[in-house]
Amino acid sequence: MKINAKIQKFMNGKYGPDQLYILLIILYFILFFINLFINSYIISIIEIIIVFITFYRFFSKNIYKRSKENQKYLRIKNKITKPFFNVKRNYKDKNHIYKKCHHCKTTLKLPLPNKRGIKHVICPECKKRNTILVLKKQKIKVIKKH
Ligand SMILES: [Zn+2]
């Protein structure tokens, strides 16, 4: 039997890695790194607990329960990162503005205006007026120099 097949047979019916697994590993390394400097007894214990949970979840045969835990984690993660979605979008896309409608919370993608400052937009979803502060503006591009 090849090594891959052996691993596969061993992992058969076991849960394996997921997003929560990755978080636990990252957490472990952060604590490990911090502890190199402060050498805390409590952090060492937390590290051991994290390793135990990580291994326990990885080799667990209760796949239903483990994936429930992972879903719970993803929901919490989503709740925490959600307010930053538009910040990320605005950073990545230099040609549009992403804003949430104040009334219905729909995310709007707006074209860049010619001037910075206060703008009024009508939300296509709820037809209500939004006042937004715009810090990005259109840049005039030079196609051919004189
Ligand atoms: Zn709206």
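Hydrogens, waters and symmetry mates are skipped; everything else that's a heavy atom, side chains included, is used. Numbers here are sequence positions counted from 1. Order of listing sets the numbers, starting from 1, for every ligand and every atom in it. Just so we're clear, the structure is a prediction, and the values are computed from it rather than from any experiment.
Val87 shares a hydrophobic cluster with no other residue; no ILVMFWY side chain has heavy atoms under 4.5 Å from its own.
A cation-pi contact, defined as under 6.0 Å to the ring centre and within 45° of the axis, links Lys94 to Tyr91. In this structure, Lys14 forms a cation-pi arrangement with Phe10, its terminal cationic atom sitting closer than 6.0 Å to the ring centre and no more than 45° off the ring axis.
For the Zn ion (ligand 1), the neighbouring protein N/O/S atoms at less than 2.8 Å, given as residue and atom, are Cys101 SG, Cys104 SG, Cys123 SG, Cys126 SG.
Side chains of Tyr15 and Asn62: no donor on one and acceptor on the other come within 3.5 Å.
The stretch residues 62-85 participates, sequence neighbours left out, in these salt bridge (charged side-chain N to carboxylate O under 4.0 Å, His left out) pairs: Arg57-Glu69, Arg66-Glu69. Contacts classified as salt bridge (charged side-chain N to carboxylate O under 4.0 Å, His left out) and involving residues 29-44 (residues at least two apart or in different chains) are not found.
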